[in-house]
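One structure below.
None of the values given here were measured: they were computed from a predicted structure.
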Amino acid sequence: MTAVGAGAPAPVDGAQDGTVDDRFASRLAGRPSAETLVRRLVQAEDGHLVTTLGQVAESGALPAAASLVVAARRRYVTGTGKSLAFATLLATDLAVSCSHVHLIDDATVPALDVLAEVTASDVLVAFSFRRYRRETAALATAFAAAGGSLVAITDSADAPLAAKAAVTVVVDTGSASFVDSPTAVVAVSHILATLVGASAKGARRRIAARDQLAADLGLYLAGDAHPGPTSED
């Protein structure tokens, strides 16, 4: 399958950049002041976000990914470790406008159960960033081999998931911190969920029904005046 990518691998700061400890030593050497670190982080996050979103928009990767999600009969989302947080966010937002959205977390939805029933009409959105977790790669590979469509959201066109993906969205996670940046990942996830919601059949009806149910069940504090629908916490 042909992958659609955008961007470049996350930049490497220092000769030894593979572990969190290496990155801490490289980027926070000398213990910069809080003011200096804030300026450095804000500048880096702003640059990475603008660059990534520009590259993704130019590549057409997100509309291609959204088309696969909208067309699917069942929609699965997965990630391991820190990427599980990204997967949870996307699954929560997709469920507002789409039916049959499942987060594969091996707690409520085991990977084995999903793989036993994969069809060509299913799609898996998988988040995977360095250092790439073996569990996510194994699940994505098996899902694609079973005939499902794989959307990879990762940090390099050469990342392990890209070889099996129908669409690859490349996100810059470079950071001035010792941990890789989640900023552009969250932004890309938000755009993908918005594109899906704009195209999904019956999305407006589903959103209205969920809002009414939330009101009937008293899920939110009285007097919440937030304009329009939101995904649940």
If you look at every heavy atom in [X] and [Y], which pair is closest and at what distance?
X	Y	result
V123	A72	CG1-CB, 3.4 Å
L161	A126	CD2-CB, 3.5 Å
L53	A187	CD2-CB, 4.2 Å
V170	S156	CG1-N, 3.7 Å
V169	A65	CG2-CB, 4.5 Å
I104	T78	O-OG1, 3.2 Å

### Task
Would you mind listing the cluster partners of L112? Hydrophobic ones only (ILVMFWY), side-chain contacts under 4.5 Å, chaining allowed.
none
#### Entry: Partner residues of Y76 under the ring pair (Phe, Tyr, Trp, His ring centres under 6.0 Å) criterion, sequence neighbours left out
H102
Atom [atom1] in [X], atom [atom2] in [Y]: separation rounded to 0.5 Å?
X	Y	atom1	atom2	answer
D93	C98	CG	SG	11.0 Å
H48	Q43	NE2	CD	9.5 Å
L139	S128	CG	OG	11.0 Å
D106	T80	CG	OG1	8.0 Å
S149	L68	OG	CG	5.0 Å

### Task
Could you walk me through whether T154 and V171 pass the side-chain contact (heavy atoms from CB on, under 4.5 Å) test, one step at a time?
CA-CA 6 Å; T154 186; V171 182; over 6 Å; no
### Query
Any ion pair linking R130 and D180 (charged N to carboxylate O, less than 4.0 Å)?
yes
### side-chain contact (heavy atoms from CB on, under 4.5 Å) evaluation trace for V38 with E35
CA-CA 5 Å; V38 166; E35 292 78 8; 5.9 Å; no
### Query
Got a sec, which residues hit side-chain contact (heavy atoms from CB on, under 4.5 Å) with T194, two or more places apart in sequence or on another chain?
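If we apply the side-chain contact (heavy atoms from CB on, under 4.5 Å) test to T194, skipping adjacent residues, the hits are H190.
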### Task
Verify the cluster assignment for V186 and V56: are they in a single hydrophobic cluster under the rule of side-chain heavy atoms below 4.5 Å apart?
yes
### hydrophobic_cluster_shared for Y132 and L124, side chain cutoff 4.5 Å
no
### Inter- and intrachain pairs under side-chain hydrogen bond (donor to acceptor under 3.5 Å, both in side chains), touching residues 63-72, at least two apart
none
### Task
Name the orientation class of the two ring planes belonging to F86 and F127 (parallel below 30°, tilted from 30 to 60°, perpendicular beyond 60°).
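The rings of F86 and F127 sit tilted, inter-plane angle from 30° to 60°.
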### Query
Quick one: salt bridge (Lys or Arg N to Asp or Glu O under 4.0 Å) pairs with a partner in residues 58-77, sequence neighbours left out?
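Every pair satisfying salt bridge (Lys or Arg N to Asp or Glu O under 4.0 Å) with a residue in residues 58-77: R74-E117, R74-D122.
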### Task
Identify the residue among T173, T52, D172 that makes a side chain to side chain contact (heavy atoms under 4.5 Å, CB included) with D155.
T173
#### Entry: Residue pair T108 / D105, side-chain heavy-atom distance below 4.5 Å
yes
### Task
Verify side-chain contact (heavy atoms from CB on, under 4.5 Å) between V167 and L150, making sure each step is shown before the conclusion.
CA-CA 7 Å; V167 177; L150 172 64; over 6 Å; no
### Task
Enumerate the residue pairs fulfilling ring pair (Phe, Tyr, Trp, His ring centres under 6.0 Å) with a member in residues 140-170, sequence neighbours excluded, ordered by first and then second residue.
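Every pair satisfying ring pair (Phe, Tyr, Trp, His ring centres under 6.0 Å) with a residue in residues 140-170: there are none.
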### Task
Quick one: do L90 and L192 satisfy side-chain contact (heavy atoms from CB on, under 4.5 Å)? Show the steps, please.
CA-CA 8 Å; L90 179 60; L192 177 57; 4.0 Å; yes
### Task
Output, in order, the C-alpha distance, side-chain angles, deciding distance and verdict of side-chain hydrogen bond (donor to acceptor under 3.5 Å, both in side chains) for E45 and T183.
CA-CA 7 Å; E45 295 303 304; T183 305; 2.4 Å; yes
